[in-house]
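Each remark here refers to the structure printed beneath this line.
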Amino acid sequence: MASNQGTDESDNTSSSPKNVYKDPDDGRQRFLLELEFVQCLANPTYIHYLAQNRYFEDEAFIGYLKYLQYWQRPEFPHCLYFLELLQNANFRNAMAHPANKVMISKRFPAKLFDQQYNLVTLLTTAKEMELAHRQQFYLWKNYRNNRLKHILPRPLPEPSALPPSSTTALLPPGPSSTMTAPSPVPAPVPSPGGSALSPMQYAIPSGSAVSKNDPRTGVVDRRKRKETSINFSLPCYTGKMGDLNSDQLFILEPGLLCKLSWRCHQVVIRNVRVVSLNSFVECTIPKDDGTLVSYVGFRVQHDNARGPMKGGIRYHPEVDLDEVNALAQLMTWKTAVADIPYGGAKGGIGCKPKDLSVSELERLTRVFTQKIHDLIGVNTDVPAPDMGTNAQTMAWILDEYSKFHGYSPAIVTGKPVDLGGSLGREAATGRGVVFATEALLSEYGKSIKDMKFAIQGFGNVGYWASKLIHERGGKVVAVSDITGAVKNPNGIDINALFDHKQKTGSLGNFSGGDSMDPNELLVHECDVLIPCALGGVLNRENADHVRAKFIIEAANHPVDPEADEILSKKGIIILPDIYANAGGVTVSYFEWVQNIQGFMWDEDKVNNELMRYMTKSFHNIKDMCGTHNCNLRMGAFTLGVNRVARATLLRGWEA
Ligand SMILES: NC(=O)C1=CN([C@@H]2O[C@H](COP(=O)(O)OP(=O)(O)OC[C@H]3O[C@@H](n4cnc5c(N)ncnc54)[C@H](O)[C@@H]3O)[C@@H](O)[C@H]2O)C=CC1
Ligand SMILES: O=C(O)CCC(=O)C(=O)O
């Protein structure tokens, strides 16, 4: 707001041309303040604050908003949407109207009305809230797309790229700029890296691994125009799971590979059969101390050509629409590869489950279920656990759903056994990973007991995979989780590590091994690397340093497309996620079948059937690889995409 002072000063002196206002520091300070203020305008709560405090009745302030429009140059992110809306008097009036002020659900206890601070979260009507959320999504999407531009392989820039002047730093308002003549463009955030090419800089070095003929370049080309005009760098590459685009990078090739008809290819790639909108819901809950907090939840339904949609619900701070979207797509191909009669979906809530008490988690899960109960259904969309959720979460969903629709155990899988869950479901993803690893190693004349393993993640999947490997005589030489990492070249006693984690809450200070840097795990000396945690952990930053001979993708999307290329060039064999971790959804299918039949299988039957499905899928993938002379990932996608395409064609889509 210092610039307002600037306006006043320049107004006071505007009669004398000699006294034109000059920023003391070439406008840098003003630029920073304006940057901060414009960012505040992306927050609808702050806009309400301005409206309630009658700023919109102040002509000078409206003039200032007009002046700030210089930020709306196309080069800048979409977060200035509200600034555009604020130019409209109707929007400003609507935001100030008392009717728009408070919308409180009757469910909140009366005492919360007294807590002024918390009411801030409720200061918008549902419509405006939706607007705000949409705006947030645009922001995320834009941020992520820009980030992807930096991390995904892309063709070399056009020879006629920007002239040198426009690629250099954009200048802050010059010393002689006045507040009445808005300066053209603000200064960029300085690039943090030195002269070395940062992964976030969009120009790629010549000799990039991506060839001109790479089918994936088609995806990137669409973004090229924008690339040449954007010039900002982002501070770091988190290696987070790629969005929809990175999935399509993997999908386009099998589409071509299988020589699908053009029409069928379009159907599959463009998801004509996508059955539902990407759904996001706001979940507001009272915390244990009475304060209110809101979370955004998602359920994305991708495809139902082969049956009801199926996929887990993830609770993690990085959950957003793009991520859930990509994971829902993966589920479509995964259920097809596993040859179980399902389509694909995924859900999640952007939250940090470790920071919530059990009762807060229960409230959040119940509110989320209230918002999506009409979307899911035993024959339409069946959720299950994923990262940050477990059998207890599923029990709450079942209970809440049953309030609306009557007792329906088949509405979720991965439930507690007491509520109709299947024996063997808890261990199923890890067990499936082990069956998949055995099938792969046997192709090379090897077995688990000959191998050294490094395992990232010690949650549901990581724990069960490492336990079963340990039981089969494999040496687990390194394990990591969010709390730390431990190594032992002679093999870690997994049961002892589990007890230690239960007692201390951490992998640190385990007497049966030495602590190590968790980042080192992915490049640790081993034969088989099994990522069982986040997506995108293997990327161009570390792929070249991986020392394993085999990678089993137990996590979803742990290897980004660029790393995939680097690792393949190094001769590392990758077993793709849509097959390697399909044990979970396969036993979920058994659970659903048991619920519908009202009959329970014993655990041996579950495990034997799981082995049968995993082994059969492996051979189906190998057959595809043989027919099309491709690697395991392409073989798996080819198998999955073809199965979905066939079902889509058979069902038809024209009236
Ligand atoms: N639970 C299931 O049935 C299935 C899970 N998956 C995938 O497997 C992966 C793991 O899922 P769950 O084991 O269910 O989750 P979980 O929540 O039980 O465990 C996640 C583990 O990852 C660790 N972790 C988180 N951030 C980490 C980091 N930066 N470095 C090292 N470790 C980190 C956590 O400490 C925890 O040990 C996810 O990608 C999930 O989508 C795939 C298929 C089914
Ligand atoms: O068990 C299920 O239904 C879904 C598991 C899942 O979300 C996954 O395989 O990524």
Side-chain angles (χ1 to χ4, degrees), residues 238-239 316-318 352-355 387-388 390 426-427 429-434 436-438 441 447-539 541-543 545-556 558-559 563 567 572 575 580-581:
T238 64
H316 192 273
E318 286 181 2
K352 218 172 177 179
K354 289 258 151 29
D355 290 354
M387 244 180 134
N390 56 24
E426 202 201 313
T429 309
R431 193 180 294 280
V433 165
V434 172
T437 307
E438 277 173 334
L441 291 179
S447 73
I448 283 182
K449 67 176 167 36
D450 309 325
M451 300 273 115
K452 286 189 279 181
F453 294 81
I455 299 182
Q456 184 192 45
F458 202 55
N460 173 283
V461 180
Y463 164 66
W464 280 104
S466 46
K467 180 182 167 66
L468 295 169
I469 285 167
H470 180 62
E471 280 173 16
R472 281 162 168 72
K475 256 189 206 159
V476 181
V477 294
V479 174
S480 73
D481 77 356
I482 194 79
T483 65
V486 55
K487 64 179 175 185
N488 183 341
N490 300 316
I492 297 165
D493 178 343
I494 297 299
N495 296 325
L497 183 64
F498 181 74
D499 291 344
H500 172 80
K501 172 92 196 273
Q502 291 292 97
K503 269 190 216 124
T504 65
S506 144
L507 293 186
N509 301 319
F510 175 58
S511 58
D514 299 323
S515 289
M516 68 187 278
D517 176 358
N519 293 324
E520 208 258 303
L521 184 128
L522 295 164
V523 296
H524 194 68
E525 171 82 54
C526 64
D527 300 306
V528 185
L529 173 62
I530 314 190
C532 304
L534 299 169
V537 291
L538 287 164
N539 48 60
E541 302 286 285
N542 55 13
H545 306 294
V546 170
R547 288 190 272 175
K549 299 174 191 73
F550 301 94
I551 295 175
I552 314 293
E553 293 188 336
N556 281 310
V559 176
L567 295 165
I572 296 172
L575 201 54
N581 69 31

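Excluded from the calculations below are hydrogen atoms, water molecules and symmetry mates; all remaining heavy atoms, backbone and side chain alike, are included.
- Two residues are said to be in side-chain contact when any heavy atoms from C-beta on lie closer than 4.5 Å; Glu525 and Val477 fail this criterion.
- A salt bridge does not link Asp527 with Lys452: every distance from a Lys NZ or Arg NE/NH1/NH2 to an Asp or Glu carboxylate oxygen is 4.0 Å or more.
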(request) Output, in order, the C-alpha distance, side-chain angles, deciding distance and verdict of side chain to side chain contact (heavy atoms under 4.5 Å, CB included) for Ile530 and Phe453. (result) CA-CA 7 Å; Ile530 314 190; Phe453 294 81; 3.9 Å; yes
(request) Check the pair Asn581, Glu553 against side chain to side chain contact (heavy atoms under 4.5 Å, CB included), reporting the backbone distance first and the verdict last. (result) CA-CA 7 Å; Asn581 69 31; Glu553 293 188 336; 6.0 Å; no
(request) Dump the intermediate steps for side chain to side chain contact (heavy atoms under 4.5 Å, CB included) on Ser466 and Phe458, then the final yes or no. (result) CA-CA 8 Å; Ser466 46; Phe458 202 55; 3.5 Å; yes
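- The two residues Ala465 and Val433 come nearest to each other via the heavy atoms CB-CG1, 4.3 Å.
- Between the side chain of Thr483 and the backbone N or O of Leu507 there is at least one donor-acceptor pair closer than 3.5 Å.
- Counting all heavy atoms, side chain and backbone alike, His500 lies closest to Asn509 at CE1-O, 3.4 Å.
- Ser506 contributes atom OG, which lies 11.5 Å from atom CD1 of Ile482 (distance to the nearest 0.5 angstrom).
- Side-chain contact between Val546 and Ile551 is present, with at least one heavy-atom pair separated by less than 4.5 Å.
- In this model, no donor atom of one side chain and acceptor atom of the other lie less than 3.5 Å apart for Asn460 and Asn390.
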(message) Evaluate Val479 against Ile494 for side chain to side chain contact (heavy atoms under 4.5 Å, CB included), listing each step before the verdict.
(response) CA-CA 9 Å; Val479 174; Ile494 297 299; 4.2 Å; yes
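- Remark: the backbone N or O of Val523 is paired with a side-chain donor or acceptor of Arg547 at under 3.5 angstrom.
- For the atom pair Ser447 OG and Arg472 CZ, the distance stands at 11.0 Å (nearest 0.5 Å).
- The minimum heavy-atom distance linking Pro531 with Leu538 is given by the pair CG-CD1, 4.5 Å.
- Taking CD1 from Ile552 and CG from Leu441, the interatomic distance works out to 6.5 Å, rounded to the nearest 0.5 Å.
- Between the NZ atom in Lys449 and the CD1 atom in Ile469 there is a gap of 14.5 Å [rounded to 0.5 Å].
- In this structure, Asn495 and Lys467 approach most closely via the heavy-atom pair OD1-NZ, 3.3 Å.
- Across all their heavy atoms, Ile492 and Val486 have their closest contact at CD1-O, 3.6 Å.
- Side-chain N or O atoms of Asn542 include one that pairs as donor or acceptor with a backbone N or O of Asn539 at under 3.5 Å.
- The closest side-chain donor-acceptor pair between Lys475 and Asn490, if any, does not fall under 3.5 angstrom.
- Taking each heavy atom of Cys532 and Ile455 in turn, the nearest pair found is SG-CG2, 3.9 Å.
- How far CE of Met387 is from CG of Leu534: 4.0 Å, rounded to the nearest 0.5 Å.
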